[in-house]
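These notes are about the structure you will find just below.
The sequence lines fix the lettering, A, B, ..., with proteins before strands; numbering per chain opens at 1.
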Protein chains: 2
Amino acid sequence: MERIKNIACFANLSDEQLEKLKKISVIKKYNAKEILFYEGDTPVYLYALLKGMLKVYKTNFKGQQIFLHQFYPGGLVAELANFENIPYPATAEFTSNSEVLRIDYASLEKDFFKNPDISMEIIKSLIAKHKILIEIIQKEVILTADAKIAKFILENLELFDTLKNTQIASILNITPETLSRTLSKFKTASIITIDERHHVSILDKEKLEEILSA
Amino acid sequence: MERIKNIACFANLSDEQLEKLKKISVIKKYNAKEILFYEGDTPVYLYALLKGMLKVYKTNFKGQQIFLHQFYPGGLVAELANFENIPYPATAEFTSNSEVLRIDYASLEKDFFKNPDISMEIIKSLIAKHKILIEIIQKEVILTADAKIAKFILENLELFDTLKNTQIASILNITPETLSRTLSKFKTASIITIDERHHVSILDKEKLEEILSA
DNA sequence: GAAAAACATTGACATAAGTCAACACTTTTA
DNA sequence: TAAAAGTGTTGACTTATGTCAATGTTTTTC
């Protein structure tokens with residue numbers, strides 16, 4: 001299982017430690033749209049995403065999904081809930097066919113947490129999550145829809161080539177209508193162009209940055 | 001410095017370790033409305049709040065404060081920024097006359113982080129922050145103004161005795177007008193009563209819980 | 001204890017974003 | 001390749017909350 005080494009959290013483990021880890025973990029495969037865990041579930045395992053994509057979302061009072069985060073391979077999923085023995089605070093759903101390393105949390109805690117390297121890695125991982133959460137707050141609470149879209153164009157331009165507008169809208173927690181209207185506005189203001197293949201090009205980067213901060 | 005022992009993070013230190021800590025830290029006093037650090041500042045110290053209150057907020061595109069968190073005595077402030085050597089992601093302002101323990105972060109890292117107890121405490125503190133952030137997301141993204149207020153009444157009833165409506169509104173990131181209107185609505189619906197001393201009593205707890213989740 | 005400042009309440013209005021519906025255009029499925 | 005499903009766009013409307021202004025009340029300050 002060379003692939004375990006590619007997980008940031010376990011990159012620095014000795015071969016011996018990797019062997020131990022192997023014994024308490026198993027690789028599981030999931031298809032797109034399958035659920036890894038629901039909000040409210042009690043955590044038993046720690047998951048590391050090896051392949052595919054996993055989105056995490058909460059559900060609001062109207063039953064709508066509020067997108068929180070997308071995990072890519074290498075990500076360590078939801079260690080907060082594990083640590084605290086509290087239910088998962090959100091739902092995790094695969095958005096493509098994926099593989100996860102499922103680790104027995106109790107054994108991990110027993111065997112590894114005394115290791116200062118591991119606890120340092122866990123601190124780092126928590127900090128990374130922390131950053132994600134602060135970004136979510138930034139995105140959801142501080143930014144207007146126009147600013148969210150400007151930010152997305154500046155930071156994830158290439159995703160327009162692969163994602164549909166509905167998917168982008170759901171990542172930004174806005175409606176497809178709002179996204180469509182704002183993109184049209186940006187087009188008529190000559191800030192961007194969009195070709196037939198849904199590829200977006202930036203014409204006026206400064207104006208985008210201005211929208212983001214103004 | 002008996003008071004250092006009362007900080008959750010340092011509660012389990014030996015006397016010897018406490019001595020060491022004393023050497024790299026100093027107590028500072030601040031008045032209400034003074035700023036501990038601004039969003040964007042580079043962190044040099046780690047702060048532990050000994051006395052008073054400290055609010056943390058971000059500023060949005062219109063220059064308005066978005067309240068994030070209030071620290072009470074015992075809280076360890078902003079360790080994320082310290083760890084990552086990134087600028088503070090928010091501004092911290094004292095809301096009453098306060099005292100903080102200012103710890104030299106570089107020395108702390110050198111002397112204490114090898115100690116597994118300390119790193120476990122830091123993990124715990126990070127997890128606590130994590131929870132706060134998730135709650136902020138819950139509060140800001142998922143809840144309506146009515147639900148925020150219902151939640152606040154259910155969870156912080158006694159704060160109505162001491163805080164003005166403007167302060168409560170700022171904690172909830174709503175305008176005083178909205179708070180006033182919603183409280184009137186709750187009163188006419190016989191869900192709560194408010195006496196001359198601004199003391200709130202709950203008449204219909206179930207209805208409040210319904211507003212929170214519906 | 002009078003004047004100034006801060007706070008609370010209410011009404012009228014503004015605004016950003018969501019909702020709903022219609023319709024055209026694509027992609028998937030059979 | 002036809003039918004069905006999904007996606008994008010646009011217009012009209014709704015809604016929650018904020019903004020501004022007026023007025024009264026409470027608190028602070030000198």
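Atom NZ of B:K164 and atom C1' of D:dT28 are 10 Å apart (whole Å). The CD atom of B:Q167 sits 14 Å away from the C1' atom of C:dA8 (whole-angstrom rounding). Rounded to whole Å, atom P of D:dT17 lies 8 Å from atom NZ of B:K148. The distance between atom CD1 of B:I168 and atom P of C:dT9, rounded to the nearest whole Å, is 11 Å. Spacing between atom CD1 of A:I194 and atom C1' of D:dT9 amounts to 12 Å, rounded to whole angstrom units. For B:H198 and D:dT25, the NE2 to C1' distance is 13 Å, given to the nearest whole Å. Computed from coordinates, the A:L183 CG to C:dA17 P distance equals 14 Å when rounded to whole Å. Taking atom CG on A:D146 and atom P on C:dA17, their separation rounds to 6 Å, with Å as the unit.
Among B:L203, B:L183, B:D204, the single residue meeting the side chain to side chain contact (heavy atoms under 4.5 Å, CB included) criterion with B:I192 is B:L183.
At the phosphate of D:dT9, OP1 or OP2 sits under 4.0 Å from a side-chain N or O atom of A:N165. One finds no side-chain N or O of B:T178 lying less than 4.0 angstrom from the OP1 or OP2 phosphate oxygen of D:dT17. Dashed line: the shortest gap from a side-chain N or O of B:T175 to OP1 or OP2 of D:dG18 is under 4.0 Å.
Using a 4.0 Å heavy-atom cutoff across all strands shown, B:I174 reaches sugar-phosphate atoms only and no base atom.
Here the nucleotide nearest the side chain of B:T166, chosen from C:dC7, C:dT19, D:dG8, is C:dC7. For A:S184, taking side-chain heavy atoms from C-beta onward, the closest of the listed nucleotides C:dT19, C:dA17, D:dT10 is D:dT10.
B:R197 contributes no side-chain N or O that forms a donor-acceptor pair with the base of D:dT26 under 3.5 Å. Counting atom types as modelled, A:E177 pairs a side-chain N or O with a base atom of C:dC20 as donor and acceptor under 3.5 Å. Judged by atom type and distance alone, A:R181 does not reach the base of D:dG8 through any side-chain donor-acceptor pair under 3.5 Å.
A:E206 CD: 12 or fewer foreign heavy atoms inside a 6.0 Å radius.
Side-chain N or O atoms of B:D41 include one that pairs as donor or acceptor with a backbone N or O of B:Y38 at under 3.5 Å. No side-chain donor-acceptor contact under 3.5 Å links B:H69 to the backbone of B:V56.
Using bins of under 30°, 30° to 60° and over 60° for the plane-to-plane angle, the ring pair A:F152/A:F160 lands in the perpendicular bin.
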